[in-house]
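Note on naming: letters A, B, ... go to the chains in the order of the sequence lines (proteins, then strands), and numbering restarts at 1 for each one. Everything quoted here is computed from the prediction, not taken from an experiment. Because only heavy atoms are used, hydrogens play no part in the values below, and waters and symmetry mates are left out as well, while side chains stay in.
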Amino acid sequence: MSGPRFRFAPSPTGFFHVGGARTALFNWALARRLGGRFVLRIEDTDEARNRPEWTEGIISALEWLGISTADPTFEGPYLQSDNAAAHLEAARALAESGRAYWCAMTPEEIAERAAADGVTGYGGWSRDLGLDEGPGRVLRFRVPEGETTVIDSVRGEVVFDNSVIEDFVLVRGNGTPVFNLANVVDDHLMGITHVVRAEEHLSNTPKQQMLWEALGHTPPAWGHVPVLVNEQRKKLSKRRDKVALEQYREEGYLAEAMVNYLMTLGWSAGDDVEIRPWSEIESLFRLEEVNLSPAFFDVRKLGAFNGEYIRMMTAEEFAAECGRWVPESWDRDRLSVIVPHLQPRLVTFSDLEGTVDFLFGPVVVDEASWEKAMSAEFASPLLAATRSAYAGLPDWSAEVLKETLETVMEPFELKLGKAQAPVRVAVTGRTVGPPLFESLEALGRAESLDRIDAALARLSG
RNA sequence: GGCCCGUUCGUCUAGAGGCCUAGGACACCACCCUCUCAAGGUGGCGGCACGGGUUCGAAUCCCGUACGGGCUGCCA
């Protein structure tokens with residue numbers, strides 16, 4: 001058990017937060033490069049957050065990101081609730097040594113007293129009552145006078161005046177340990193040397209550091225990274241924002257793209273390179289280089305990264321991946337004709353089905369597209385001429401189809417861009433889409449001609 | 001309200017006193033390429049929050065102001 005020990009301690013909430021993903025990745029990069037360990041601990045102290053399947057969800061999300069449970073760097077998962085006895089034992093020790101005391105005030109009583117005294121929060125009113133443990137009573141930490149200095153590798157030294165920290169609860173009225181206590185006891189038990197987490201925990205840190213010291217241990221090295229925010233610059237929340245990693249996965253974002261993008265939020269290697277493989281990120285990442293201000297999670301840029309990663313795939317990889325994003329019933333041969341032309345056009349794989357669906361089902365004509373392409377004078381005659389030329393073609397290939405249309409359009413004095421529009425709308429129903437002649441090739445002669453006939457009929461009718 | 005943290009193009013960032021006429025990426029605009037749309041190429045738009053210092057010299061150091069964020073729970 002030598003080497004630095006990092007930990008990732010998410011609380012199970014039913015989905016995996018992208019901000020959590022970034023924190024996990026930061027810890028993973030550090031643990032891997034430094035030859036240490038990445039310890040996964042599920043913080044399920046709050047009984048409302050205790051579902052076995054949620055733990056499985058966390059693990060599969062981590063696996064997707066490349067944080068493999070099979071990697072020797074990985075350790076866990078541990079369940080915080082399994083350590084309840086140790087938490088309570090620590091609480092008892094603190095109570096016996098006088099570092100903590102029992103308090104019988106309910107939240108309502110505290111609010112009343114605070115209002116009456118004109119203060120906010122708990123004023124330490126039970127401090128010297130010498131109460132014993134009892135039903136409904138909470139154990140509170142006796143915050144000492146003085147100040148607490150947190151040495152943070154991201155932010156430097158942060159000093160807190162202890163007088164602004166109230167005597168916080170260690171054990172609830174129902175006898176269960178609270179996060180701050182459990183967190184510290186677990187980190188110590190697991191030999192954690194580095195706590196790297198989001199900035200929202202910075203205010204908790206002096207409390208936890210006091211606990212480490214009260215328990216007679218040396219606190220770990222701290223590192224608080226900035227949070228991820230939405231366009232309103234508020235911390236990403238599951239209520240307002242799309243934060244579930246699983247959702248991005250389902251929409252067809254590549255794990256590599258997500259990982260790479262997440263690592264550019266709040267950190268840069270210092271050069272002009274943004275797209276780089278994890279192996280490089282891992283050797284380059286330094287906590288000391290992490291920025292201090294919140295970063296906006298920009299889905300558009302995520303999309304740009306995803307497109308880059310899609311284009312980096314080999315043709316075989318891309319074709320295989322496409323196969324997974326399309327209905328089982330779709331003809332694979334037909335799909336394979338068009339797929340090579342989709343690689344530079346896709347942002348996410350969930351876009352795939354909608355861009356080639358016209359090849360596997362009836363044409364759905366977009367009326368705006370029809371209007372745009374068919375209102376031209378030449379539309380009908382050109383379509384008719386194309387239809388008869390196509391009908392007699394000996395070879396139904398994209399190349400021949402293109403050359404044929406170029407011949408047909410000559411008397412109309414049009415450019416290909418104009419001339420292809422009516423054909424495109426007749427066959428695909430839309431003005432934009434995959435390359436037309438390859439689409440025709442994939443569709444096949446019979447179906448293509450039928451669609452042109454249908455368009456001609458509508459045009460004359 | 002109190003405590004803490006922060007502030008470089010719209011966004012993510014480079015920048016650790018002279019290399020900055022502030023660089024890159026996404027987005028946006030234009031042009032090129034082109035069978036539509038993309039992709040690719042070229043170019044463009046656009047920023048050191050503000051005010052004081054310190055210094056020969058400040059985006060970089062100090063102070064103040066403004067603004068933003070986090071925490072302030074018997075959640076984590």
OP1 or OP2 of [N] versus the side-chain N and O atoms of [X]: is any pair under 4.0 Å?
X      : N      : answer
A/R172 : B/rA76 : yes
A/K235 : B/rC71 : yes
A/R300 : B/rC28 : yes
A/R276 : B/rA25 : no
A/N291 : B/rA14 : yes

With no angle test and no hydrogens, is the base of [N] tied to the side chain of [X] by a donor-acceptor pair under 3.5 Å?
X      : N      : value
A/K301 : B/rA27 : no
A/N183 : B/rA76 : no
A/E274 : B/rG24 : yes
A/E438 : B/rC35 : yes

Examine the side chains of [X] and [Y] and answer whether a donor and an acceptor come within less than 3.5 Å of each other.
X      : Y      : answer
A/Q80  : A/D186 : yes
A/R22  : A/N27  : no
A/Q208 : A/N180 : yes
A/Y309 : A/N260 : yes
A/T106 : A/E108 : yes
A/S293 : A/N291 : no
A/R197 : A/T205 : yes

Nucleotides 36-47 of chain B: which of its N/O atoms have a protein N/O under 3.5 Å away?
| from | atom 1 | to | atom 2 | distance (Å) |
| --- | --- | --- | --- | --- |
| B/rU36 | O4' | A/Q420 | NE2 | 3.0 |
| B/rU36 | O2' | A/T431 | O | 3.0 |
| B/rU36 | N1 | A/R424 | NH2 | 3.3 |
| B/rU36 | O2 | A/G433 | N | 2.8 |
| B/rU36 | O2 | A/G433 | O | 3.0 |
| B/rU36 | N3 | A/R424 | NH2 | 3.3 |
| B/rU36 | N3 | A/G433 | O | 2.6 |
| B/rU36 | O4 | A/R345 | NH1 | 3.3 |
| B/rU36 | O4 | A/P435 | N | 3.1 |
| B/rC37 | O2 | A/R345 | NH1 | 3.0 |
| B/rC37 | N3 | A/R345 | NH1 | 2.1 |
| B/rC37 | N4 | A/R345 | NH1 | 3.2 |
| B/rA38 | O2' | A/P344 | O | 2.9 |
| B/rA39 | O4' | A/P344 | O | 3.2 |
| B/rA39 | O3' | A/R311 | NH1 | 3.4 |
| B/rG40 | OP1 | A/R311 | NH1 | 3.4 |

inquiry  = With a 3.5 Å limit on both atom pairs, tell me what B/rC28 is paired to, counting Watson-Crick and G-U wobble, or say none.
reply    =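 WC or wobble partner is B/rG44.
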Could you tell me how far apart [X] ([atom1]) and [N] ([atom2]) are, to the nearest whole angstrom?
X      : N      : atom1 : atom2 : result
A/H201 : B/rG69 : NE2   : P     : 19 Å
A/F16  : B/rA76 : CZ    : P     : 18 Å
A/D272 : B/rG15 : CG    : C1'   : 11 Å
A/I110 : B/rU72 : CD1   : P     : 15 Å
A/F160 : B/rC3  : CZ    : P     : 12 Å
A/E231 : B/rG68 : CD    : P     : 17 Å
A/Q80  : B/rA76 : CD    : C1'   : 9 Å
A/M258 : B/rC12 : CE    : P     : 17 Å

query = Contact class for A/K234 vs. all strands (heavy atom < 4.0 Å): base, sugar-phosphate, or nothing?
reply =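 A/K234: backbone/sugar contact only, no base atoms under 4.0 Å.
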request  = Under 4.0 Å between any heavy atoms, over every strand shown, what does A/V169 touch: base, sugar-phosphate, or nothing? Just pick one.
outcome  =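 Sugar-phosphate contact only - A/V169 comes under 4.0 Å of backbone atoms but never of a base.
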In whole Å, what separates the [atom1] atom of [N] from that of [M]?
N      : M      : atom1 : value
B/rC12 : B/rU7  : C1'   : 15 Å
B/rU54 : B/rC29 : P     : 47 Å
B/rG15 : B/rA58 : C1'   : 13 Å
B/rU60 : B/rA16 : C1'   : 7 Å
B/rA38 : B/rU21 : P     : 38 Å
B/rU55 : B/rC71 : C1'   : 39 Å
B/rU8  : B/rA25 : C1'   : 15 Å
B/rC62 : B/rC5  : P     : 13 Å

inquiry  = If we ignore hydrogens and angles and just use 3.5 Å, is the side chain of A/H188 paired with the main-chain N or O of A/N183 as donor and acceptor?
reply    =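 Flag not set: sc A/H188 to bb A/N183 has no pair under 3.5 Å.
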ask   = RNA chain B: A/T106 or A/K402, which has the more 5' nearest nucleotide?
value =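 The 5'-side residue here is A/K402.
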task = Map A/E157 and A/Q232 onto RNA chain B by nearest heavy atom, then report which one ends up closer to the 5' terminus.
result =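 Residue closer to the 5' terminus by nearest nucleotide: A/E157.
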message = For A/F349 and A/W325, take the angle between the two ring planes, folded into 0 to 90°, and tell me which bin it lands in: parallel under 30, tilted 30 to 60, perpendicular over 60.
response =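 A/F349 vs A/W325 ring planes: parallel.
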key: Given B/rC26, B/rU7, B/rG70, the nucleotide with the shortest approach to the side chain of A/E200   =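 Looking only at heavy atoms from C-beta outward on A/E200, the closest nucleotide is B/rG70.
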